[in-house]
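See below for the structure under consideration.
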Amino acid sequence: MVAASDGDRVQKLGVSAGMIVQELGWDEDTDDDLRADIEDAIDAEMVDEDTDEVIDMVVLWWRDGDGDLVDALMDAITPLADDGFVWVLSPKTGSDGYVDPSEVAEAAPTAGLTQTSAASFGEWLGSRLVQPKTRAGKKA
């Protein structure tokens with residue numbers, strides 16, 4: 001299997017310069033190269049859970065045993081921009097902390113999110129979740 005280049009990984013994530021990216025669930029096992037790629041692409045550091053910023057993208061590192069994924073997603077979308085999205089990154093099959101992708105797929109709608117895609121990032125699997133489109137434009 002050929003590893004994706006840094007640009008491909010960032011492109012898969014949908015990251016671009018100027019975005020405000022929040023990182024949740026960081027631990028010693030997170031992919032430091034992917035973190036650096038994201039920060040290079042946005043030309044800034046990722047913010048943590050204490051930020052007051054409106055967030056364009058959330059990177060949620062999630063492992064088995066981290067708690068309730070629905071609760072974590074609800075917390076993640078609170079500061080999220082209307083067109084923002086969440087990437088849930090979990091260890092691949094056979095790795096410590098492996099989370100079955102069906103768990104993410106089941107938690108997303110409960111948190112008011114829809115899964116739009118999935119991708120592989122080295123030792124991590126990613127699920128991209130978005131909020132439903134608002135109906136603000138449809139006035140009675």
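If you're wondering where the values come from, they're calculated on a predicted model, not measured in any experiment.
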Can you see which heavy atom on [X] is nearest to which on [Y], and at what distance?
{"X": "I38", "Y": "V21", "value": "CG2-CG1, 4.2 Å"}
{"X": "M57", "Y": "V59", "value": "CE-CG2, 3.5 Å"}
{"X": "G18", "Y": "D56", "value": "O-OD2, 4.3 Å"}
{"X": "L24", "Y": "A76", "value": "CD1-CB, 3.9 Å"}
{"X": "P132", "Y": "G112", "value": "CD-O, 3.1 Å"}
{"X": "Q22", "Y": "P79", "value": "OE1-CG, 3.9 Å"}

Calculate, to the nearest 0.5 Å, the distance between atoms [atom1] and [atom2] belonging to [X] and [Y] respectively.
{"X": "I77", "Y": "L113", "atom1": "CD1", "atom2": "CG", "value": "5.0 Å"}
{"X": "D68", "Y": "L73", "atom1": "CG", "atom2": "CG", "value": "9.0 Å"}
{"X": "F85", "Y": "Q131", "atom1": "CZ", "atom2": "CD", "value": "11.5 Å"}
{"X": "D96", "Y": "D64", "atom1": "CG", "atom2": "CG", "value": "10.0 Å"}
{"X": "L80", "Y": "I20", "atom1": "CG", "atom2": "CD1", "value": "11.5 Å"}
{"X": "M19", "Y": "I55", "atom1": "CE", "atom2": "CD1", "value": "10.0 Å"}

Connected via hydrophobic side-chain network under 4.5 Å: [X] and [Y]:
{"X": "V104", "Y": "L89", "answer": "no"}
{"X": "W62", "Y": "F121", "answer": "no"}
{"X": "L34", "Y": "V58", "answer": "no"}
{"X": "V99", "Y": "L60", "answer": "yes"}

Would you find a donor on one side and an acceptor on the other, under 3.5 Å apart, between the side chain of [X] and the backbone of [Y]?
{"X": "E123", "Y": "T30", "result": "no"}
{"X": "D27", "Y": "D29", "result": "no"}
{"X": "W87", "Y": "L13", "result": "yes"}

By salt bridge (charged side-chain N to carboxylate O under 4.0 Å, His left out), which residues pair with D66, not counting sequence neighbours?
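If we apply the salt bridge (charged side-chain N to carboxylate O under 4.0 Å, His left out) test to D66, skipping adjacent residues, the hits are R63.
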Holding to side chain to side chain donor-acceptor pair (under 3.5 Å), I want the full list of residues that pass it with [X], two or more places apart in sequence or in another chain.
{"X": "W61", "result": "E23"}
{"X": "D100", "result": "S102"}
{"X": "Q115", "result": "none"}
{"X": "T116", "result": "R128"}

Can you give each donor-acceptor pair under 3.5 Å made by side-chain atoms of residues 39-50, sequence neighbours left out, with the distance rounded to 0.1 Å?
{"unit_1": "E39", "atom_1": "OE2", "unit_2": "M46", "atom_2": "N", "d": "3.0"}
{"unit_1": "D48", "atom_1": "OD1", "unit_2": "D50", "atom_2": "N", "d": "2.9"}

Check D37 with K12, please: is the shortest side-chain N to carboxylate O separation under 4.0 Å?
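No salt bridge links K12 with D37.
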V70 and M74: CA distance, side-chain angles, deciding distance, side chain to side chain contact (heavy atoms under 4.5 Å, CB included) verdict:
CA-CA 6 Å; V70 173; M74 295 295 287; 4.2 Å; yes
